[in-house]
K.L.:
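What follows is a single structure, and I will ask about it in a moment.
Every value quoted in this text rests on a predicted model; they were computed, and no experiment measured them. The sequence lines fix the lettering, A, B, ..., with proteins before strands; numbering per chain opens at 1.
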Protein chains: 2
Amino acid sequence: MVGFLLDCRQSGSSLNDSHVKAAPSEAPRTLADRLFETLRAEIVEGRIAAGSKISEPELARRFEASRGSLREALMRLEALGLLERRINVGARVVELTERGLLELYDVREALEGMACRLAAGARTAEDLAELRRMLEHHEQQEELRAGRAYFQPEGDFDFHFRIVQASGNDLLIDTLCNRLYYRVRMYRYQLGMASPRAQRAFREHSHIIEAIEAGDGDLAELLMRRHIRASRQNIENKLR
Amino acid sequence: MVGFLLDCRQSGSSLNDSHVKAAPSEAPRTLADRLFETLRAEIVEGRIAAGSKISEPELARRFEASRGSLREALMRLEALGLLERRINVGARVVELTERGLLELYDVREALEGMACRLAAGARTAEDLAELRRMLEHHEQQEELRAGRAYFQPEGDFDFHFRIVQASGNDLLIDTLCNRLYYRVRMYRYQLGMASPRAQRAFREHSHIIEAIEAGDGDLAELLMRRHIRASRQNIENKLR
DNA sequence: CATACCCACATTGTTGACAATTTTGCCTAT
DNA sequence: ATAGGCAAAATTGTCAACAATGTGGGTATG
């Protein structure tokens with residue numbers, strides 16, 4: 001447990017190192033930053049249980065940090081929506097509820113639909129090449145796993161992540177990639193939603209990228225919204 | 001300047017006291033809370049200039065608070081998107097750019113459109129009555145000011161605020177009301193965008209509410225998106 | 001004269017201690 | 001036996017001092 005800080009080498013604000021083109025200069029990071037990222041991962045992956053209470057003195061001892069630095073990390077987790085703090089009472093990890101999950105889908109439908117529309121309007125050669133390469137990569141993985149009943153969640157995540165990046169709208173990118181997607185991953189990890197929509201999802205991804213390539217914003221948005229709504233419907237059925 | 005703390009009586013998370021039905025129990029608030037709300041108002045209204053650097057020692061002296069409490073307020077402002085902090089360098093108020101304003105419109109179009117759709121599906125009698133009352137109130141004000149070239153921005157704000165509340169989606173409500181709307185108000189205050197679309201905006205508001213009353217989510221979303229897009233177009237034309 | 005280096009200053013990050021509030025457990029009275 | 005209240009313990013909010021980092025100016029050198 002001691003020396004855990006040396007292991008935290010994720011890039012600051014991006015969701016997944018595999019998405020970063022290249023790390024040119026290791027940006028200096030603060031202790032509160034590392035605490036934040038470590039705790040974020042533990043909450044997302046369920047090592048710190050949803051709904052559990054956070055004890056500042058306990059965590060400070062565990063990480064051998066002062067309470068001040070830890071509090072900064074907690075406040076940033078609150079801003080992410082992973083913690084809820086009440087004055088003079090303390091912080092709790094958010095609960096995972098069916099309602100919360102469905103709310104997340106509705107917000108994603110709206111925002112990622114818009115991201116598709118914008119990506120279709122502002123697409124660059126690099127973005128398109130990147131999307132194509134990613135899709136082929138997923139197709140290969142898909143063939144390898146043909147017949148299996150689950151769909152690699154990371155592939156789906158890559159797809160949505162890249163589309164949003166291609167929108168070119170920094171506010172939209174920040175809202176989705178630095179805020180909502182951590183909650184999405186938290187639900188995926190802990191409710192373990194392996195989607196049996198593998199081939200279908202892949203075809204949908206493919207059609208969305210085609211619409212973006214064609215510069216058809218209306219169609220791109222429509223297809224993405226249907227894609228997300230189908231996912232939501234799938235989950236909704238499973239929960240009943 | 002001394003004793004300013006006693007004057008901060010806004011309710012914690014809501015945007016505007018007039019939106020709160022009744023304040024049943026004055027929730028206890030912390031010093032960092034009051035600093036946060038005070039600074040938030042000063043940034044939104046431009047008393048602290050956009051793009052200016054924030055000096056922790058200076059502000060701490062000015063408010064007669066410790067740097068620790070002030071830093072907590074600054075971090076919350078960063079989470080709101082009103083400040084940008086760089087490690088070991090400090091915080092700056094965000095710049096107001098044309099691009100940022102247009103990005104805000106696109107995100108609002110997506111989210112408020114969804115809010116309308118949801119409001120049409122989950123509408124309650126209270127929500128509808130509230131919306132109707134607000135609309136009549138605005139109509140009266142509108143007649144009083146007939147002929148004037150500007151539209152009271154607060155009326156427009158009330159409208160969007162109430163619609164979002166009626167959506168019933170807590171994540172959507174939080175994202176818009178506790179995050180994006182402060183940036184919207186910042187642009188309105190400082191770029192002073194008095195819209196000459198008074199009567200037109202009022203009619204659009206009216207039609208949106210009718211669609212929600214009818215439970216027509218598709219139409220409600222469509223109308224809201226056109227409403228916001230028209231606003232965006234109006235601004236875009238004015239900027240050129 | 002321009003550039004590069006170095007040092008003093010100011011600002012930010014971090015820590016441990018103090019104050020205020022909440023929670024908990026025990027004791028008492030009905 | 002249970003409800004109420006009081007006191008002790010634990011937790012959170014706040015503060016001031018210390019350490020680490022970035023900034024700017026001055027000087028020496030090409």
K.L.:
Hey, is the side chain of A/Lys53 poking within less than 4.0 Å of OP1 or OP2 on D/dT12, counting only N and O atoms?
P.N.:
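Answer yes for this pair, as a side-chain N or O of A/Lys53 is under 4.0 Å from OP1 or OP2.
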K.L.:
Nearest whole angstrom, please: distance from the C1' of D/dT12 to the CG of A/Leu74.
P.N.:
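After rounding, the gap between these two atoms is 11 Å.
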K.L.:
Base, sugar-phosphate, or nothing for B/Leu70, non-hydrogen atoms under 4.0 angstrom?
P.N.:
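Here B/Leu70 touches no strand at all.
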K.L.:
Please check the phosphate of C/dC18 (OP1 and OP2 only) for any side-chain N or O of A/Arg67 closer than 4.0 Å.
P.N.:
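Answer no for this pair, as no side-chain N or O of A/Arg67 is under 4.0 Å from OP1 or OP2.
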K.L.:
Mind checking A/Gly68 for me? I need base, sugar-phosphate or nothing, with any heavy atom below 4.0 Å counting as a touch.
P.N.:
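Contact class for A/Gly68: base.
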K.L.:
Atom CG of A/Leu83 to atom C1' of D/dT12: distance rounded to whole Å?
P.N.:
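Interatomic distance, CG of A/Leu83 to C1' of D/dT12: 15 Å.
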K.L.:
Step by step, would you call A/Arg108 with A/Tyr181 a side-chain contact (heavy atoms from CB on, under 4.5 Å)?
P.N.:
CA-CA 9 Å; A/Arg108 285 184 60 198; A/Tyr181 280 171; 4.1 Å; yes
K.L.:
Nearest-Å distance, CG (A/Leu31) to C1' (D/dT21)?
P.N.:
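Taking CG of A/Leu31 and C1' of D/dT21, I get 15 Å after rounding.
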K.L.:
Could you give the CZ-to-P distance, from B/Arg61 to C/dA10, as a whole number of Å?
P.N.:
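Roughly 11 Å, once rounded to whole Å.
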K.L.:
Picking from B/Ile235, B/Val184, B/Leu96, what satisfies side chain to side chain contact (heavy atoms under 4.5 Å, CB included) with B/Leu101?
P.N.:
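Single pass found, and it is B/Ile235.
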K.L.:
Rounding to a whole Å, what distance do you find between A/Asn88:CG and D/dT11:C1'?
P.N.:
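It is 9 Å, rounded to the nearest whole Å.
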K.L.:
What's the CZ-C1' distance between A/Arg29 and D/dA20, to the nearest Å?
P.N.:
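A/Arg29 atom CZ is separated from D/dA20 atom C1' by 17 Å.
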K.L.:
What integer distance in Å separates B/Ile87:CD1 from C/dT14:C1'?
P.N.:
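The distance from CD1 of B/Ile87 to C1' of C/dT14 comes to 14 Å, rounded to the nearest Å.
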K.L.:
For B/Thr30 and D/dT14, is the shortest distance between a side-chain N/O and OP1 or OP2 below 4.0 Å?
P.N.:
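Yes, because at least one side-chain N or O of B/Thr30 sits under 4.0 Å from OP1 or OP2 of D/dT14.
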K.L.:
Taking the six-membered ring for Trp, are A/His205 and A/His160 parallel (under 30°), tilted (30 to 60°) or perpendicular (over 60°)?
P.N.:
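Perpendicular, since the angle between the ring planes exceeds 60°.
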K.L.:
Would you indicate what B/Ile54 reaches in the nucleic acid, counting non-hydrogen atoms under 4.0 angstrom: base, sugar-phosphate, or nothing?
P.N.:
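Sugar-phosphate: the residue B/Ile54, judged by heavy atoms under 4.0 Å, touches backbone atoms but no base.
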K.L.:
Does a side-chain N or O from B/Ser69 land closer than 4.0 Å to OP1 or OP2 of D/dC15, or not?
P.N.:
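For D/dC15, OP1/OP2 do have a side-chain N/O of B/Ser69 under 4.0 Å.
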K.L.:
Take A/Arg123 and A/Leu131 through the test side-chain contact (heavy atoms from CB on, under 4.5 Å) and record every step on the way to the result.
P.N.:
CA-CA 11 Å; A/Arg123 66 199 190 286; A/Leu131 286 170; over 6 Å; no
K.L.:
Taking only side-chain nitrogens and oxygens of B/Arg86, does any of them come within less than 4.0 Å of OP1 or OP2 of C/dG13?
P.N.:
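Looking at the OP1 and OP2 atoms of C/dG13, neither is under 4.0 Å from any side-chain N or O of B/Arg86.
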K.L.:
Given C/dT14, C/dG13, D/dG13, identify the nucleotide with an atom nearest to the side chain of A/Glu56.
P.N.:
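In terms of side-chain proximity for A/Glu56, the closest of C/dT14, C/dG13, D/dG13 is D/dG13.
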K.L.:
Nearest to the side chain of B/Ser66 - D/dA16, C/dT15, D/dT23?
P.N.:
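It is D/dA16.
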K.L.:
Think A/Arg71 has a side-chain N or O under 4.0 angstrom from the OP1 or OP2 of D/dG13?
P.N.:
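It does, given that an N or O in the side chain of A/Arg71 lies less than 4.0 Å from OP1 or OP2 of D/dG13.
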K.L.:
Please evaluate residues B/Glu37 and B/Arg29 with respect to the criterion salt bridge (Lys or Arg N to Asp or Glu O under 4.0 Å), reporting the C-alpha separation (whole Å), side-chain torsions for both, the decisive distance (0.1 Å), and the verdict.
P.N.:
CA-CA 11 Å; B/Glu37 292 167 14; B/Arg29 294 183 335 181; 2.9 Å; yes
